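Below is one structure, written out as structure tokens; comments come after it.
The structure displayed is predicted, hence computed values, not measured ones. Counting starts at 1 for both ligands and their atoms, following the listed order.
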Amino acid sequence: MRQSSYFLYTLREYPNDAEIISHKLMLKSGMINKVSSGIYTYLPIGNRVIQKIESIIREEMNAAGAHELTMPVVQPSDLWKRSGRWDHYGKELLRIKDRKSNDYVLGPTHEEIITDIADRFLKSYKRLPQTLYQIQTKFRDEIRPRFGLMRAREFIMKDAYSFDMDENGMLKSYLLMRDAYIRIFNRIGFRYRIVKADSGTIGGNMSEEFMVLSETGEDKIILCGSCDYAANVDAAQSGFITEDESEKPIEIVNTPNCKTIVSVCEFLKTDPAESVKTIMVEADGEPIMLLVAGSDTVNEIKLKHILGTDNIESAGESTLLKLLLPAGFMGPVNAPKIRIIADDKINRMKNMVCGANQKDKHFLNVNYERDFSVDEFADIRNVKTGDLCPKCGGRLAETRGIEVGHIFQLGDKYSKNMNAAFLDKNGKRQHFLMGCYGIGVGRIAAAAIEQSHDNYGIIWQSSIAPFNAGLLSLGKSEDVANLADKIYDILEEAGIELLYNDKDERAGVKLADSDLIGLPVVVIVGERGIKNHYVEVKTRKTGEKKQFKLDRMDLLTKWIKEFKQ
Ligand code: ATP
Ligand code: MG
């Protein structure tokens, strides 16, 4: 590709409105253009990266036996009513009306359409198993679109769906997709971990996320330092030690103005881990008391699952007043008659400190059963660095990741709701057991830049680079231009995708642009080389240089073809 006639416009400065490096570099290197909040045009060079990523995904999906189809972006509401998600999906679902006032949605995901397809076509067990996929535009009206393609409203997703007749088959299909994902992310060159995930609104039993390790990741993940345990913080568990102290007599003490765990523990010279934090929430209007260890915090997602609602708010002042609960001094001992949910760690703690439900007072040596009761123990805490691994007892650590893929075993959640079934060997109707498998295509491009860049720009892995190599002609002389033209023809002829900067620009500008765009290697034609009969090749990642004699362009071609980073 000759840059003089290509559509590629890089920026001299970083744009002001981008926060993370991948977003900045995508804008600066002319990959994308913002049309509206969370809505982008993929400009030609960005589009090439997207297509490279799509090809890798397509190859591996096909190799795993999945079949590509394309479903509509605009979906009629009746399918969504059948699955029940018309009422439950919330505001991310963009609803639209046609001229006859019929309701439609812009597809945020395609379980409804594909389940209907399965019901129509996969009528017998003989047609199972089956896995179908598409690579297509999704729309989610994200509450906070940001970071460019990382969290967009309109974005490209690969979504696959498997249909099986029994649990074993579903697991097999799931593992096939899991393996395909491993191959995809290895080919892209990611440093990533597969983590246990929360299943969210899509639902189902078992799900895992593919997390690219990055400080800018929006997800908090928990990894064990000693074994392979890895989980999203919303699904992470931790072990704990049962204290075997004997129970001491309960005592009430003055704690003037000590309204936070930190101030109480400082004042009483106790460890937050030995105290109880009491939190009041209202779920669908019902006041609920939550108890966690003073060193822990409540995980909202876990709580939502336990309470079976998204509508949870911290309790207002008027509710506390009505229940005679003094903020900062609340506790479960002599609590009003409301539902109490305690983190299961509380069950194992002894001689705790907690609020006394009187202003400026706390209890010491509080013990479960003897001094208070609860309605339910459950895992409601956020796992944090230093907690014990639930698998091996080792130490857990928090880190951050970018979720590029998510795989689920859905079971019969959708097939049951939508009554999608096949006839089994005995001629009996059975609901399909399904799996669903997503990959964010644009987010992969962003994550790749987050993991691989330097002060000068992007450093593309060979597998997803927009071109295999760059070619620069440096200097004004006609000899340089002629030689560069000749090399361009030779390399293109050999099947190398080349971005040839043949523009009338200063050497400094061309070199800076080349670093910004970040192709794995660049061939440099300059005056000095011509004099000494060579061209130079520079690798983007290491800056290493190599020279090739002008009469051995075959060696140059071979070297570029074999170069991988
Ligand atoms: P997140 O927790 O990041 O919102 P999700 O759990 O909603 O993701 P899925 O429904 O599992 O995502 O979608 C499959 C994949 O699509 C995700 O793993 C991610 O790579 C990508 N994806 C999801 N939402 C977006 C978005 N707003 N912008 C870009 N890619 C996205
Ligand atoms: Mg989401």
Residue selection (non-hydrogen contact nearest atom 22 (N) of ligand 1) among Phe147, Phe155, Phe139, Phe210 = Phe155
inquiry  = For Glu92, is there any backbone N or O sitting under 3.5 Å from a side-chain donor or acceptor partner on Arg140?
reply    = no
ask   = Should the pair Glu218-Arg146 be classified as a salt bridge under the 4.0 Å nitrogen-to-oxygen rule?
value = yes
ask   = Taking distance alone, with no angle check, do Gly438 and ligand 1 share an N/O pair under 3.5 Å?
value = no
remark   = Atoms of ligand 1 under 4.0 Å from any heavy atom of Gly405, numbered from 1 in the order shown, are 18 (O)
task = Looking only at distances, please establish whether an N/O atom of ligand 1 is found under 3.5 Å from an N/O atom of Gly440.
result = yes
ask   = So is Leu149 in contact with ligand 1, going by heavy-atom distances below 4.0 Å?
value = yes
ask   = Looking at the rings of Phe163 and Phe432, which for Trp means the six-membered one, are their centres under 6.0 Å apart?
value = yes
message = Check the orientation of Phe210 and Phe185. Use parallel for under 30°, tilted for 30 to 60°, and perpendicular for over 60°.
response = tilted
Among Ala197, Ala446, Ala152, closest by any non-hydrogen atom to atom 28 (N) of ligand 1 = Ala152
inquiry  = Any heavy atom of Val404 closer to ligand 1 than 4.0 angstrom?
reply    = yes
message = So is Gly442 touching ligand 1 or not, going by heavy atoms under 4.0 Å?
response = no
message = I'd like to know if the side chain of Lys302 and the backbone of Ala236 have a donor-acceptor N/O pair within less than 3.5 Å.
response = yes
task = Return the option from Glu403, His406, Arg144, Arg140 holding the heavy atom at the smallest distance from atom 18 (O) of ligand 1.
result = Glu403
message = Heavy atom to atom 25 (C) of ligand 1, shortest distance: which of Arg443, Arg151, Arg146 holds it?
response = Arg443
Side-chain donor/acceptor pairs under 3.5 Å, residues 8-20, sequence neighbours excluded:
| from | atom 1 | to | atom 2 | distance (Å) |
| --- | --- | --- | --- | --- |
| Thr10 | OG1 | Asp513 | OD1 | 2.9 |
| Thr10 | OG1 | Asp513 | OD2 | 3.2 |

inquiry  = Among Glu142, Glu218, Met157, Glu209, which one puts a heavy atom closest to atom 13 (O) of ligand 1?
reply    = Met157
query = In chain order, what residues pass the side-chain contact (heavy atoms from CB on, under 4.5 Å) check against Glu497, with sequence neighbours excluded?
reply = Arg48, Lys52, Phe467, Asn468
message = Centroid separation under 6.0 Å, is that true for the rings of Tyr133 and Tyr161?
response = no
key: Arg153 N/O under 3.5 Å from ligand 1 N/O   = no
